[in-house]
Amino acid sequence: MGLHTLTSITLGVPNVSETARYYEEFGLTLTPGKDGQQRVLGTTDGGQQMTLVHAPQRRLLEMTIGADDQDDLNRIERKLDRLDASYAYDGETLRVSDPNSAILVTVQVVARITETLSAQEPTNGPGRPDRANGRARSVERNGRVRPRKLGHVVIGSLDQEASQRFFTEGLGFMVSDRVPGLASFLRCSTDHHNLLIQQAPLNFLHHTAWEVDDVDEVGRGATSMLEGHPERHVWGLGRHHIGSNFFWYLKDPAGNFSEYYSDLDCIVDDQLWKPSVVEGMRGLYNWGPPPSPSFLEPEDLAALMTGNHAPAK
Ligand SMILES: [Fe+2]
């Protein structure tokens, strides 16, 4: 069958408690852990999807990928042998480190995530009063925004091509679209992308992305996060061209960006999707405010490079 889910990630941050509080506000659920040194956070449909542990500098430590059955793991084993990669495999769990980025990837046989259906809200359009005589239900929402699942991670890599080869030829990620000179959008599920690797002056985590029901939840979530914290704003509201999703990026107290997104392209039949090459600004976005300089080059990169990192304010 194949890979099907970006199951979970582990982030190292210098300020675990403060960062965990941020993600609770973001709408994730904190799971009381036995270990006081780490925090585990969950989504409504994906379960426990992010573990925060202490590290001197912020970085992505581990990604866990879900596969359907043991045949998938056996196939990955053969691919990794062809790449001469060293890995550990006990028949149920396969662990391998990307030799370039040093990210640990764990592939396990797990059940697919079942997302509960989101309501299709009626919308009005010219000549189409589908919501006649009523207010939009989305303007009446007042509950906290709750991300449904972890969608993707974007990392910077010292050797983008080597990292990408590891994930495609070694683990079986598929290419959805490509931006020449930048990167390819890779998937291990029916989501348009679960991983993007950019060329960068160091290995670092650019952002994690969390799916919410619709564009109103993207806006409501970000608006709530910015109340009293305008410094959290990074870029949004906008719509990407690649993947088509609405986005709004915010910054956590460790300096990682976190994205609310909705309406991402889904690829449920690999034969029916034609990967395209996207050039120019469309590689970055379709509409929205111009990207902030700090989105393109996070402000703490120089400090991360010298290993002299203080948590971003
Ligand atoms: Fe994203």
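Both ligands and their constituent atoms are indexed starting at 1 by order of listing. Just so you know, these numbers use all the heavy atoms, side chains as well, and skip hydrogens, waters and symmetry mates.
The residues R112 and D68 are annotated as salt-bridged, a charged nitrogen and a carboxylate oxygen being separated by less than 4.0 angstrom. Taking a cutoff of 4.0 Å between a charged side-chain nitrogen and a carboxylate oxygen, K149 and D45 do not qualify as a salt bridge.
Looking at residues two or more places apart in sequence or on another chain, you find a ring pair (Phe, Tyr, Trp, His ring centres under 6.0 Å) between F167 and F173. Every residue two or more places apart in sequence or in another chain was checked for a ring pair (Phe, Tyr, Trp, His ring centres under 6.0 Å) with H241, and none qualifies. Partners of R141 according to the side-chain contact (heavy atoms from CB on, under 4.5 Å) rule, which considers only residues two or more places apart in sequence or in another chain, are E121, S138, D214, D216, E217, R220.
For the Fe ion (ligand 1), the set of protein N/O/S atoms nearer than 2.8 Å consists of H152 NE2, H207 NE2, E259 OE1, ordered by chain and number.
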Handout entry: From CA spacing to verdict: side chain to side chain donor-acceptor pair (under 3.5 Å), N100, S157
Key = CA-CA 8 Å; N100 175 53; S157 168; 2.5 Å; yes
